Each structure stands twice: as structure tokens, then as C-alpha cells.
2 protein chains.
Amino acid sequence: MQVEVMEQYEELLAKVRHHLEAEDDEGLLALLLTLRPADVAQMLAELPEGQPRGKVLSLLEPVAAARVIEESILDVQRDLLRQMSAERLHQVLDRMSQDDLADLLGALPAADARALLELIPEDAAAIRQLLRYDPDTAGGIMTPEVVRLRETQTAAEALATIRQAAPDAETVYYLYVTDRSGRLTGVVSLRQLVIADPQARVADLMDRNVVSVPVYMDQEEVARVLERYGLLALPVVNDRNILLGVVTVDDVIDVLQEEATEDIHRLSATEPLEQPYLQTSFLSLVRARVLWLLVLFALQSITITILNHYQAALETVITLALFIPVVTGTAGNAGGQAATLVIRAMAVGELQFSDFLRVLARETSVGLTLGAVMSAVALARASLLGTPLEIGMTVALTVVLVVFVASVGGALLPLCIRRLRLDPAVASSPLITTLADASGLIIYFTVAGWILGIRT
Amino acid sequence: MQVEVMEQYEELLAKVRHHLEAEDDEGLLALLLTLRPADVAQMLAELPEGQPRGKVLSLLEPVAAARVIEESILDVQRDLLRQMSAERLHQVLDRMSQDDLADLLGALPAADARALLELIPEDAAAIRQLLRYDPDTAGGIMTPEVVRLRETQTAAEALATIRQAAPDAETVYYLYVTDRSGRLTGVVSLRQLVIADPQARVADLMDRNVVSVPVYMDQEEVARVLERYGLLALPVVNDRNILLGVVTVDDVIDVLQEEATEDIHRLSATEPLEQPYLQTSFLSLVRARVLWLLVLFALQSITITILNHYQAALETVITLALFIPVVTGTAGNAGGQAATLVIRAMAVGELQFSDFLRVLARETSVGLTLGAVMSAVALARASLLGTPLEIGMTVALTVVLVVFVASVGGALLPLCIRRLRLDPAVASSPLITTLADASGLIIYFTVAGWILGIRT
């Protein structure tokens with residue numbers, strides 16, 4: 001399917017370019033009206049910076065333009081803002097949802113953000129407040145635009161409140177009930193209000209056991225709560241239980257995708273990219289990768305010292321050198337598997353430090369079994385090559401030990417890193433691989449010392 | 001936060017165990033009523049199989065029991081079903097949502113599934129139909145329980161329809177409008193119906209440009225469509241545009257998490273686990289890992305042949321052996337970074353095969369830059385060690401070439417694999433690492449031949 005969608009995009013882009021060149025505003029607008037905001041946003045990202053993008057956006061009504069800006073990536077947003085007059089900016093920004101607007105302003109230089117805020121004095125206070133929250137917390141992803149009901153209202157009165165407020169409130173599928181001080185006391189769904197007897201009291205319809213999250217909760221944890229209970233939105237409260245805003249399921253999907261991308265990048269020893277790969281600048285790409293390559297290189301340099309230490313043994317039995325990549329590679333692969341399984345299980349909340357002993361037990365048995373299988377194969381491979389039996393035995397015994405150590409170490413290291421309240425994903429496959437290389441070599445030459453009776 | 005939540009769980013479990021031992025059904029039920037279905041499900045998973053779990057579930061009303069079963073993992077579901085009488089089974093299964101029930105029955109032996117279906121004759125036809133769809137497609141994750149409106153209805157009539165149907169329909173926030181043949185013609189939100197003039201026609205309120213997905217669309221693609229447009233549900237249609245069911249946002253979140261987990265597992269050369277790590281059996285864990293370890297070992301064995309080929313050179317300059325792990329390790333790390341960035345960008349739809357040349361251009365410049373930096377560090381490290389200058393130069397030049405080749409190769413290989421319509425995540429870091437090992441060694445000894453003037 002995706003391929004088809006993408007082919008349609010190429011066609012769409014060609015049409016837009018054609019209208020732009022022919023200065024056919026009517027045709028362009030007619031085309032735009034058939035598209036959804038996310039599609040226009042993607043199309044704008046493919047157009048050259050500056051005038052062409054500004055031209056397309058200028059054809060849209062302020063509310064449609066606001067939706068397109070909300071769906072655009074940061075670079076395009078900046079570009080589009082630069083090309084609008086103060087009056088148009090006022091119209092468009094005013095129609096953006098406050099959480100998206102706060103995200104955008106938070107990413108701009110402070111002076112630019114201040115200038116834009118002056119254009120929308122009505123929203124400025126709410127947005128300044130939003131900007132005070134850490135962007136990776138419930139406060140950073142919530143919208144303060146939320147419909148508040150009172151327990152004393154009837155279902156009919158509640159629906160009237162919703163009719164008045166709805167065009168502005170981002171989510172009206174769950175209605176939160178607050179007391180006079182603004183404290184959250186319950187939740188009622190729009191569905192319940194519609195189904196209920198119009199004279200029924202909100203107090204009798206609402207669920208008092210409402211799941212809420214504190215404003216400082218990490219966004220990943222917020223996402224997990226919403227996912228766990230299958231909700232469409234979560235109310236955000238401060239430490240006095242006062243309702244501050246609401247996090248909606250679409251924000252949570254973004255968070256989950258973002259966090260999965262971060263974990264995947266970290267697992268390959270790359271600093272997570274903030275923009276899509278093709279939009280990331282050359283320098284940012286280098287920066288995201290070079291630091292970890294250097295750290296791993298420094299760690300890997302230990303292997304030079306180790307091999308230097310065993311140089312005499314290597315000179316005595318040069319055949320030992322042939323198996324170095326196989327030993328280090330197998331150790332790295334086994335360690336990477338174990339580390340990744342544990343890191344992902346922690347990320348989705350299946351595993352925590354208290355499971356240490358269970359993980360140790362599993363990886364001990366799994367690691368020994370995998371090691372035994374690999375070892376048999378290694379022995380067979382060595383004898384196929386006509387390697388002397390003692391060297392084959394050395395490699396085989398090394399492989400058992402190395403797979404075992406790498407599996408157990410690879411699984412437990414992320415657990416320990418999490419215990420230290422660091423991101424376990426930094427225990428990336430490359431880090432484990434590098435550590436496995438060093439320990440693999442030490443095991444290899446120690447075993448060689450035993451079996452071949454050489455001084456190591 | 002998570003740590004706190006988990007500590008509460010331990011407490012909760014202790015309480016449940018206490019009530020069970022004291023046979024205090026009243027206390028246990030009172031406790032259960034304060035919990036949400038997902039919490040009860042997790043708690044049941046921690047209890048021993050058999051009687052204790054059955055006891056807890058038996059205290060709940062059928063509708064509450066149905067919700068708990070829906071939220072449970074497969075092993076627990078099976079265990080719970082085994083302990084219910086035919087009458088209780090009828091009551092509980094009847095109240096489960098049809099998509100969850102189909103998932104459960106699809107995972108049971110055919111004879112068991114048939115026996116259970118006989119208990120719920122009213123739903124059997126719909127569920128048999130659901131079981132015919134591939135579980136990884138729109139048809140496999142949709143629910144057929146959906147409220148259908150007619151264009152000729154007024155808003156007031158539509159709300160009356162919803163009142164009647166709502167207790168059974170899983171989602172009523174988007175109402176789909178169909179014609180007499182069941183073809184999808186539009187969508188209207190519950191919010192719009194509530195806000196609208198009660199006499200307004202559905203035909204005038206609805207959005208005719210409704211986004212729908214075909215029943216055979218892959219679930220990952222379905223998830224991406226819903227995510228892209230920020231929707232709460234997506235209607236599923238057949239090739240005659242007849243409305244068959246609806247996929248809801250909570251199903252999509254599960255799909256996105258599942259797919260991210262699969263990608264992460266594949267990236268570490270592990271077959272994706274189907275159950276949580278701690279619930280996966282010893283044999284399944286070994287099976288998921290051993291195959292790839294063997295494949296990679298077989299590939300890695302090439303390095304033995306390569307080193308065997310260069311054995312004379314190694315004997316001449318034994319110092320060359322010291323840098324083998326650094327060369328292969330750095331190549332593997334650089335290749336793994338590039339591969340992972342490209343694989344994730346493809347998974348979230350940012351990149352496709354048509355971007356081949358752009359990726360090639362980026363990785364060429366990034367790879368050469370990273371290589372140059374690493375090379376300078378390698379040279380410095382070698383001279384610190386007192387290695388002869390020619391060997392330092394050999395290592396330095398090797399590192400530039402190896403980082404460059406691994407970056408470009410690591411980025412392009414997943415693109416090519418995708419082009420062959422295979423999952424690009426099989427181009428895992430370990431696979432790239434293994435390939436990088438082999439090419440790294442060839443580059444190393446070739447460069448050594450040039451600079452040291454030895455025969456290789």
C-alpha cells in the first residue's frame with residue numbers, strides 16, 4: 001500500500017508545481033480543498049523553501065492554514081511563519097491549538113516567540129504557562145483547552161455547556177467534572193451524556209474513580225497509563241488535584257512513536273535525531289553518530305592492550321588469530337540479543353529491576369544452551385577447515401563460555417543501568433558488543449592457555 | 001513513577017493473596033471493585049495458574065469478567081476459560097467484544113474454538129467471518145460492531161439510534177453513514193450531532209471525504225493512516241466500499257507497539273517474541289535466538305577463510321593482529337548506526353526506495369567525515385602505544401575506508417531489502433556488523449599490503 005500512496009504523492013506534487021508555475025490560483029485552491037491538513041503539510045515539506053510554500057498556504061482560510069501548520073515539521077513551520085504578515089499571523093496563530101502553538105514557540109528563539117505572543121494577547125498567558133513545563137512531561141504535551149462540567153448540572157445542561165464550548169475545546173469525548181476550586185472530581189463520557197435521561201445529574205452519571213496524571217509525569221509514563229487503560233484522553237492535575245489540562249490519544253501516539261524511535265536509535269549507539277532522517281542536517285547527523293563511535297573506539301582500544309598482552313601466545317600459535325573475529329562476533333551477537341530483549345521489555349513495562357533474579361535464571365539456562373549449540377557448530381567448522389583438534393577444542397569451549405557470559409551480562413547490564421535511573425537504551429548493542437569483544441578475547445586466550453599449554 | 005506503581009502492585013498482590021487464603025470473598029470482591037480491568041488482568045497473571053485465578057474471576061459480574069479477559073494475555077485467558085462452567089462461559093463470552101473474542105478463539109485449537117462458538121450462537125457467524133481475515137490486516141483487528149446512520153435521518157433521529165445501539169457498539173464517537181446497500185457514504189462525529197440543530201439532516205452534517213481502509217490492508221499501514229490523520233477510528237470497507245467494521249485507536253496503539261517491538265527484536269537479530277519476555281518459555285527464547293546466531297556464525301566464518309588467506313602477512317607482521325578487533329568493531333558500529341537510522345525512517349514512513357540517491361549522497365559525506373575523525377583518533381591511539389608509524393598509517397587509512405564503506409553499505413542494504421518486499425529490519429545490526437567484519441578485514445590487509453609492502 002505504501003508504495004501506491006507514495007506514487008500518488010509524486011503525482012500530487014507535480015500537479016501543485018504545475019499550478020504554481022502557471023500561477024493558476026483557482027486550480028491550486030480547488031486541489032488543496034480535496035486534501036487533508038496532514039497531506040498538505042507533507043506536500044509543503046517537499047516544495048522548495050520560501051515563496052512556493054508561502055503561496056500555497058496563503059490560499060487557505062486561517063483555520064485551514066492553522067491545521068496545516070500544526071501538522072508541519074518545525075523547519076516548514078518556521079519557513080511559513082516568516083512569510084506571513086502580522087495580520088495574517090494574528091488570524092492563523094489565534095486558530096492554532098494552544099499545545100501545538102506552545103511547542104512551536106518553544107522551539108523558536110526567545111525574541112521571535114515574544115514577538116509572536118504579542119500578536120495573540122488573549123492566548124499569551126496560557127501559552128506562557130505551558131512553556132514553563134518541561135516539554136517531555138504531561139504539562140508539556142497537554143492542552144489547557146478543556147470543557148469543565150459541574151456535578152450539579154443535569155445531562156441536558158451539560159450538553160448545552162458542550163455546545164457552547166465545543167468549537168474551542170480539543171476533546172469533548174470525555175468531560176471532566178470539577179468542584180468550585182477547580183479540583184477534579186469525576187469524568188463522564190459524551191456517550192453517557194447522550195444516552196442518559198436529560199434530567200439525570202452529572203453527579204450520578206460520572207465515574208468518580210477517574211484516572212489522572214500529575215503535571216510533572218514523564219510523557220512516556222503518561223502514554224503508558226493511557227495505553228494501559230485504553231482511554232482517549234487523560235486529565236492532568238497539579239499536586240492539589242486541580243485540573244490543568246488534558247492529554248489526548250493522538251499526542252500519546254506521537255509520544256509512543258517518538259520514544260520507540262529514540263530507543264531504536266540509542267540501541268544502535270546513535271543520539272536520537274530530532275527531525276526525520278532526510279531533513280536532518282549533515283552536521284547533526286555527524287554529531288549524533290561521532291560521539292558514540294569515539295566512546296566505543298576508546299572502549300574497543302582495550303582489545304589492543306589485551307592482544308598486546310597475549311602477543312607471545314599469538315606468535316606461538318598464529319592459527320589462534322584466525323578465530324578472533326568469530327569469537328568476538330558471536331559474543332557480540334549473543335550479548336546484543338539479550339540486551340535488546342531486556343531493554344524493550346523494560347520500555348513497554350513488562351520488566352523491572354525486581355525481576356533481576358528471574359532474568360539471571362533465564363539467561364543462565366538460555367545462554368548455556370545457545371552456547372552449547374554454537375560450540376558444536378564451531379567445532380565442526382574448525383575441523384572442516386583442518387584446524388588441529390586442540391585449537392578446535394579451544395574455540396568450542398571459548399564459544400560456550402563467551403555466549404553464556406555475553407547473554408547474562410547483556411541482559412543484566414540494562415537492568416542495572418535502569419536501577420541507576422539512567423536510560424537503559426544506552427546499553428546499546430554496540431556497547432554490549434564492544435564489552436563482549438574484550439571479555440571474549442580474555443576468555444579465548446585463557447582457554448587457549450589451558451588447552452594448548454602455552455604461556456598466556 | 002513506574003517504580004511507585006510497581007510497589008503498589010506488590011502490595012495489591014499481597015492483599016489479594018491474603019483474602020484468598022482467608023477465603024474472605026467479600027473482602028476480595030470489595031478490593032476488586034476498586035480496580036480497573038487492566039489492573040485485575042495484570043494481577044491475575046501474577047497469581048498461580050488454576051484455582052486462585054478462577055476464584056478471583058468468579059467473583060466478578062459477567063460484564064466485568066469479560067473486560068478482564070479482554071485485557072489478559074493469552075496464557076491467562078486460556079487458564080480462565082478452562083475453569084468456567086458452560087453457563088458462565090456463555091454469559092461471559094457473550095459480553096466480550098467480537099474482535100477480542102475472535103483473537104482469542106483464533107489462538108485456541110480448532111476443536112476448542114468450535115465448542116466455545118456453539119455456546120454463543122448469536123455471535124458465531126460474525127466471529128467465523130472475522131476469523132477468515134488474516135490477523136495482521138484491517139479485517140483481523142477491526143470490530144464489526146458499528147453504529148450505521150442514514151443520510152436521511154435528522155440529528156435527533158441519529159442520536160436516538162445511538163441511544164439504542166450504544167451499549168453494544170464499541171465506538172460511537174464517529175458515526176458512519178451508509179446507503180441502502182451498506183456502502184459507506186460519509187462520517188459524522190458524535191460531537192457534531194450533539195452541537196447540531198436537532199432537525200439538521202445527517203446528509204448536511206456529514207463529511208463525505210471519509211478516510212477508509214480496505215479490509216486486506218496490512219495492520220501497520222492501517223495504524224499509519226490513523227496516526228497520520230489524528231483519527232479516533234477508521235472504517236474498514238471491502239472492494240465495493242461496503243462498510244464491514246471499524247478499527248479503533250486503542251487497537252492501533254497496540255499495533256504500533258507490537259510493530260516497534262518486532263522491529264527492535266529483528267534489529268538485534270532475534271525473531272520477535274509473541275509473549276512478554278518473562279512469559280516466553282525457555283524453548284521459545286532459545287528458538288528465537290539460535291537461528292540467527294547460527295546464520296551469523298556461518299557468515300562470520302568467512303572471516304576465518306579471509307584471515308587464513310592473509311596468514312602469511314600476519315606471520316610477517318604479528319602486530320597487525322592487535323588491531324583486528326578495533327577495525328572490525330568500528331566497521332560494525334558505523335554500519336549498525338547507518339542501517340538503524342534508515343530502517344526506522346522507513347518504518348515510520350519517512351523514507352522509501354526512491355530516496356536511494358539522496359541516502360547515498362548523505363552517507364557518502366557523513367561516512368567520509370566520520371571516517372576522517374575516527375582515523376585521526378586511531379592514529380593517535382596507535383602512536384601512544386608506540387606502534388611503528390607504517391602500522392599506525394595502515395590502521396588510520398583502513399578506518400577511513402571501513403567507516404565509509406560500512407556507512408554507505410549499512411544504509412543502502414535495508415533500502416534494497418525493502419525493494420525486494422522483505423522486512424528491512426532483517427538487515428539487523430548484527431548482520432551488518434558481520435558483513436562489516438568481513439569487508440573490514442579485506443580492506444585492512446589490502447591497505448597493509450600497500451603501505452607495508454608485504455605480500456598479502
Side-chain angles (χ1 to χ4, degrees), chain A residues 1 6 36 38 159 163 166 172-173 190-191 194-195 217 221 227-230 249-250 253 260-261 264 268 270 276-277 285-286 289-290 293 296-297 300-301 303-304 307-308 314-315 318 321-322 324-326 328-330 333 336-337 340-341 344-345 350 352 366 369-370 373 381 429-430 437, chain B residues 1 6 36 38 159 163 166 172-173 190-191 194-195 217 221 227-230 249-250 253 260-261 264 268 270 276-277 285-286 289-290 293 296-297 300-301 303-304 307-308 314-315 318 321-322 324-326 328-330 333 336-337 340-341 344-345 350 352 366 369-370 373 381 429-430 437:
Chain A
M1 277 316 292
M6 284 304 149
R36 289 167 181 279
L159 287 173
R163 274 187 206 102
V172 289
Y173 297 110
L190 181 57
R191 171 168 154 250
V194 167
I195 295 173
M217 187 187 252
E221 195 58 33
E227 181 194 3
R228 177 181 183 89
Y229 298 117
V249 68
D250 54 317
I253 290 181
T261 299
I264 288 174
S268 77
T270 304
Y277 173 81
L285 262 186
V286 170
R289 288 149 75 168
V290 77
L293 282 184
L296 294 173
F297 183 87
Q300 207 130 33
S301 299
T303 61
I304 304 178
L307 286 175
N308 205 18
L314 262 182
E315 273 169 22
I318 191 77
L322 307 190
I324 289 177
V326 173
T328 57
T330 301
N333 292 337
Q337 286 183 333
T340 305
L341 286 177
R344 181 62 182 167
E350 290 166 11
Q352 35 279 330
V366 170
T369 309
L370 291 175
V373 174
R381 179 70 178 86
S429 300
D437 280 4
Chain B
M1 275 316 291
M6 285 303 148
R36 289 167 181 279
L159 288 173
R163 270 184 210 107
V172 290
Y173 296 111
L190 181 58
R191 169 167 156 252
V194 167
I195 295 174
M217 188 186 252
E221 194 58 32
E227 181 193 4
R228 178 181 182 88
Y229 298 119
V249 67
D250 53 318
I253 290 182
T261 299
I264 288 175
S268 76
T270 304
Y277 173 81
L285 261 186
V286 170
R289 288 150 73 167
V290 76
L293 282 183
L296 294 173
F297 183 86
Q300 206 130 34
S301 299
T303 61
I304 305 178
L307 287 175
N308 204 18
L314 263 182
E315 273 170 22
I318 191 77
L322 306 190
I324 289 177
V326 172
T328 58
T330 301
N333 292 337
Q337 286 183 333
T340 305
L341 286 177
R344 181 62 182 166
E350 289 166 12
Q352 35 278 328
V366 171
T369 310
L370 292 175
V373 174
R381 178 71 178 84
S429 302
D437 279 5

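All chains are named by letter (A, B, ...) in the order of the sequence lines, taking the proteins before the strands, and each is independently numbered beginning at 1. Just so you know, these numbers use all the heavy atoms, side chains as well, and skip hydrogens, waters and symmetry mates. This structure is a prediction, so every number in the text was calculated from the model and none was measured.
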Exercise for the section: Without swapping roles, check the side chain of A:Gln300 against the backbone of B:Val326 for a donor-acceptor pair under 3.5 Å. Expected result: no
Completion exercise
One should read off an interatomic distance between B:Leu190 CG and A:Leu190 CG, to the nearest 0.5 angstrom, of 4.0 Å
Exercise for the section: Please identify each residue that fulfils salt bridge (Lys or Arg N to Asp or Glu O under 4.0 Å) with B:Arg36, with sequence neighbours left out. Expected result: A:Asp207
Fill in the blank from the handout: The reported gap from CD1 in A:Ile318 to CD in B:Glu315 (rounded to nearest 0.5 angstrom) is 5.5 Å
Completion exercise
A:Asp437 and B:Pro325 have their tightest heavy-atom pair at OD2-O, 4.4 Å
Problem - Under 4.5 Å from any heavy atom of chain A - which part of B:Thr261 - result: both
Problem - Option that, when pairs with chain A are counted at under 4.5 Å, heavy atom only, ranks first among B:Asn308, B:Thr303, B:Val194, B:Val249 - result: B:Val194
Problem - Approximate separation, where rounding is to 0.5 Å, of B:Arg289 CZ and A:Leu370 CG - result: 5.5 Å
Problem - Most chain A-contacting option - heavy-atom pairs closer than 4.5 Å, from B:Leu285, B:Leu293, B:Leu307 - result: B:Leu293
Problem - Side chain A:Glu350, main chain B:Pro276, donor-acceptor under 3.5 Å - result: no
Handout entry: Residue among B:Thr328, B:Leu296, B:Leu159 with most heavy-atom pairs under 4.5 Å to chain A
Key = B:Leu296
Practice task
Name the region of A:Thr330, side chain, backbone, both or neither, that has any atom closer than 4.5 Å to a heavy atom of chain B.
Solution key: both
Completion exercise
Greatest number of non-hydrogen atom pairs under 4.5 angstrom with chain A, of B:Thr369, B:Asn333, B:Thr340, falls to B:Asn333
Problem - Residue part contacting chain B, namely of A:Arg381, when any heavy atom lies under 4.5 Å - result: side chain
Handout entry: Nearest heavy-atom neighbours spanning B:Arg191 and A:Tyr173
Key = CB-OH, 3.8 Å
Fill in the blank from the handout: With chain B, the option among A:Leu341, A:Ile253, A:Leu314, A:Ile324 that has the most non-hydrogen atom pairs under 4.5 Å is A:Leu341
Handout entry: Residue, of A:Ala345, A:Gly230, A:Gly336, A:Gly329, that accumulates the most heavy atom pairs under 4.5 Å with chain B
Key = A:Gly329
Practice task
Using atom types as modelled and distance alone, determine if a side-chain donor or acceptor of B:Arg344 lies under 3.5 Å from a backbone N or O of A:Ile264.
Solution key: no
Problem - Contact origin within A:Ala321 toward chain B - heavy atom pairs under 4.5 Å - result: both
Handout entry: Partners passing side chain to side chain contact (heavy atoms under 4.5 Å, CB included) against A:Val373 (at least two apart in sequence or in another chain)
Key = B:Val290, B:Leu294
